[in-house]
Trainee: 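Sharing a structure, written as structure tokens. Questions coming.
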2 protein chains.
Amino acid sequence: METGGAKQRILDRAYYAASQYGLESLTIGSLASNLGMSKAGVHGHFGSKQALQLATIRHALSVSQRDVVAPSDRAPDGLPRLWALCVALTSYHEEIGLHGGDFWVTVANEYDSRSGPVRDTVEAIMSRWMRRLEDLISAAVRLGQLTPCDPAQLAFEIQALLDAGGHQGWLYHDPKAPARARAAIHRRLDELRTPDAPDLTE
Amino acid sequence: METGGAKQRILDRAYYAASQYGLESLTIGSLASNLGMSKAGVHGHFGSKQALQLATIRHALSVSQRDVVAPSDRAPDGLPRLWALCVALTSYHEEIGLHGGDFWVTVANEYDSRSGPVRDTVEAIMSRWMRRLEDLISAAVRLGQLTPCDPAQLAFEIQALLDAGGHQGWLYHDPKAPARARAAIHRRLDELRTPDAPDLTE
DNA sequence: CCTACCGATCGGTAGG
DNA sequence: CCTACCGATCGGTAGG
């Protein structure tokens with residue numbers, strides 16, 4: 001069970017390419033030539049282009065889990081963890097500033113009007129992410145950190161700002177976009193925060 | 001100068017397809033077969049695929065101008081016009097619920113990490129749109145309808161919510177997304193509104 | 001607007 | 001993992 005093998009190299013490259021151009025425009029041929037391999041060599045690791053797309057999604061999921069979700073899970077449940085998650089993601093958007101767009105923003109938009117197994121997988125993962133935001137909001141209300149509100153509505157707004165932070169920065173070559181998203185989320189959470197809730201540290 | 005000719009039929013179809021799948025996956029062959037024409041017949045109207053993409057963008061611009069921007073321009077300058085524009089766009093997102101995604105949301109995300117003439121055209125148009133939002137915000141402040149704020153920051157937030165209203169509804173099959181966007185923008189503008197500014201009619 | 005074609009590239013397979 | 005293929009489709013052209 002080697003993790004640095006050829007399959008991982010292929011997935012790293014596919015993840016990198018899909019973050020910029022999406023999963024539909026991935027081609028086995030260009031992936032192979034970028035890696036100095038033959039088409040059949042790449043193809044054989046997955047069996048079909050769709051299997052490669054699904055494997056790339058799973059790879060992206062493990063990267064996000066490791067780099068964004070897991071660190072923020074060390075913060076206390078409720079408002080601190082919600083805010084830590086937003087800071088982690090917007091900071092991640094700032095860091096990847098030189099190597100292409102955000103995988104999930106790109107792919108979620110690519111598949112929102114499509115159908116098929118790849119779209120269904122993307123939707124399931126994004127739904128789980130929205131559920132996470134809503135659960136953290138509900139916990140924050142239950143813990144008396146946020147005044148009661150509609151978790152689905154607030155999660156929609158937070159996700160809108162996070163997406164825009166990972167997208168508008170690219171379209172307008174504006175490196176301040178993630179910070180704008182973070183500031184807007186901060187203000188929104190701060191106005192819903194109860195007087196004795198913990199501060200939102202920047 | 002006939003406006004209902006073959007070229008318009010091609011552009012209508014290309015606009016429809018690109019709203020769902022983007023401009024990169026447009027193919028002259030599938031466009032031709034959808035329209036009952038030959039590939040060369042479609043190709044001849046534009047001369048190149050890139051010219052077809054650019055013509056489709058111009059077509060989309062005239063549709064948006066007619067259906068979204070022009071009606072809201074009849075509202076008074078400043079806050080009423082800004083709010084009318086947001087209502088017009090989110091209402092449009094609700095209406096197109098059955099025939100594919102929003103062209104600009106799809107295309108802006110498709111090209112945010114790409115380069116080339118098509119991307120440059122998309123960026124220029126989206127920048128002009130952001131400028132419109134910022135100018136309406138500045139006017140509202142100047143007219144004493146909004147308390148002073150950073151127009152670029154508020155425009156970022158409004159655009160984030162508008163985009164999400166046109167995207168999350170598709171990804172999650174949730175027809176309430178445009179209304180969520182409208183409600184969030186309404187609340188944000190209402191909290192910045194001065195006491196004697198005109199009401200934001202729903 | 002059409003038919004008939006061009007070279008390039010697509011995903012995928014055979015055989016090793 | 002490779003070479004050598006397959007049929008299909010890509011954008012584009014010639015000629016009418």
Side-chain angles (χ1 to χ4, degrees), chain A residues 1-18 20-59 107 110-111 114-122, chain B residues 1-18 20-59 107 110-111 114-122:
Chain A
M1 181 69 83
E2 51 168 343
T3 58
K7 193 164 181 175
Q8 282 300 313
R9 283 185 63 228
I10 297 169
L11 288 173
D12 282 340
R13 193 82 199 192
Y15 171 70
Y16 177 86
Q20 300 180 66
Y21 306 117
L23 283 166
E24 287 294 302
S25 62
L26 268 187
T27 68
I28 294 172
S30 68
L31 215 44
S33 78
N34 282 336
L35 293 162
M37 294 174 62
S38 67
K39 276 172 53 178
V42 172
H43 185 272
H45 278 288
F46 305 96
S48 73
K49 178 176 171 175
Q50 185 175 98
L52 166 64
Q53 292 172 317
L54 293 171
T56 304
I57 290 173
R58 285 191 296 273
H59 180 75
V107 169
E110 183 178 23
Y111 286 98
R114 294 177 189 262
S115 59
V118 178
R119 182 238 142 81
D120 293 344
T121 303
V122 171
Chain B
M1 180 70 81
E2 49 168 343
T3 58
K7 194 165 181 175
Q8 281 301 313
R9 283 184 63 229
I10 298 169
L11 288 173
D12 282 341
R13 192 83 199 190
Y15 171 70
Y16 177 86
Q20 300 180 67
Y21 306 116
L23 284 166
E24 287 294 303
S25 62
L26 268 187
T27 69
I28 293 171
S30 69
L31 216 45
S33 78
N34 282 336
L35 292 163
M37 295 173 62
S38 68
K39 277 173 52 178
V42 173
H43 185 271
H45 279 288
F46 305 95
S48 73
K49 179 176 171 176
Q50 184 175 101
L52 166 63
Q53 293 172 317
L54 294 171
T56 304
I57 291 173
R58 284 192 296 273
H59 181 75
V107 169
E110 184 178 22
Y111 285 97
R114 294 178 189 261
S115 59
V118 178
R119 181 239 142 81
D120 293 344
T121 302
V122 171

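Each chain gets a letter, A, B and so on, in the order the sequences are listed, and its residues count up from 1. Predicted model only: the values in this text are computed from it and were never measured.
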Trainee: Within the structure shown, what part of the strands sits under 4.0 Å from B:Leu26 by heavy-atom distance: base, sugar-phosphate, or nothing?
Mentor: sugar-phosphate

Trainee: If I take atom CD1 in residue B:Ile28 and atom P in nucleotide D:dA8, what distance separates them, rounded to the nearest angstrom?
Mentor: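 Taking CD1 of B:Ile28 and P of D:dA8, I get 21 Å after rounding.
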
Trainee: To the nearest angstrom, how far is A:Lys39 atom NZ from C:dA14 atom P?
Mentor: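 Spelled out: NZ on A:Lys39 to P on C:dA14 is 15 Å.
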
Trainee: If you check the A:Lys49 side chain, which of D:dG12, C:dC2, C:dG12 turns out closest?
Mentor: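 In terms of side-chain proximity for A:Lys49, the closest of D:dG12, C:dC2, C:dG12 is C:dG12.
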
Trainee: Is it true that a side-chain atom of A:Glu110 and a backbone atom of B:Glu110 form a donor plus acceptor pair closer than 3.5 Å?
Mentor: no

Trainee: When the distance from CG of B:Leu31 to C1' of C:dC1 is rounded to whole Å, what number comes out?
Mentor: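 Going from B:Leu31 (CG) to C:dC1 (C1'), I get 15 Å.
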
Trainee: Could you check how far CG of B:Leu52 sits from P of D:dG11, rounded to whole Å?
Mentor: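 Between P of D:dG11 and CG of B:Leu52: 9 Å.
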
Trainee: Let me spell it out: for each of A:Ala40 and A:Ser30, pick the nucleotide of DNA chain C with the closest heavy atom. Which residue's pick is nearer the 5' end?
Mentor: A:Ser30

Trainee: Could you report the tightest heavy-atom contact between B:His59 and B:Asp12, atom names first, then the distance?
Mentor: NE2-OD1, 2.9 Å

Trainee: Could you state the NE2-P distance from A:His45 to C:dG12, rounded to the nearest angstrom?
Mentor: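 So the NE2-P distance, A:His45 to C:dG12, works out to 16 Å.
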
Trainee: Using whole Å, report how far CD of A:Glu24 lies from C1' of C:dG11.
Mentor: 13 Å

Trainee: Expressed in angstrom and rounded to an integer, what is the separation of B:Phe46 atom CZ from D:dT13 atom P?
Mentor: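 Computing the B:Phe46:CZ to D:dT13:P distance gives 16 Å.
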
Trainee: Would you mind checking if A:Arg114 and A:Glu24 are paired as a salt bridge, meaning a charged N to carboxylate O distance below 4.0 Å?
Mentor: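 Here A:Glu24 pairs with A:Arg114 in a salt bridge, since their nearest N and O are under 4.0 Å apart.
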
Trainee: Hey, does A:Thr56 have a side-chain heavy atom less than 4.5 Å from the side chain of A:Tyr16?
Mentor: no

Trainee: Please tell me if A:Thr27 has a side-chain N or O lying less than 4.0 Å from either OP1 or OP2 of C:dC10.
Mentor: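 For C:dC10, OP1 or OP2 has a side-chain N or O of A:Thr27 closer than 4.0 Å.
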
Trainee: Would you name the heavy atoms of B:Ile10 and B:His45 that are closest together and state the gap between them?
Mentor: CD1-CD2, 3.6 Å

Trainee: With the side chain of B:Ser48 defined as its heavy atoms from C-beta on, choose the nearest nucleotide among C:dT3, D:dT3, D:dG12.
Mentor: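 Selected nucleotide (nearest to the side chain): D:dG12.
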
Trainee: Would you mind pulling out the nucleotide paired to C:dT3, Watson-Crick or G-U wobble, both distances under 3.5 Å?
Mentor: D:dA14

Trainee: Whole angstroms only, please: what is the CD-P distance between B:Gln50 and D:dG11?
Mentor: 13 Å

Trainee: Are OP1 or OP2 of C:dG11 and a side-chain N or O of A:His43 less than 4.0 angstrom apart?
Mentor: no

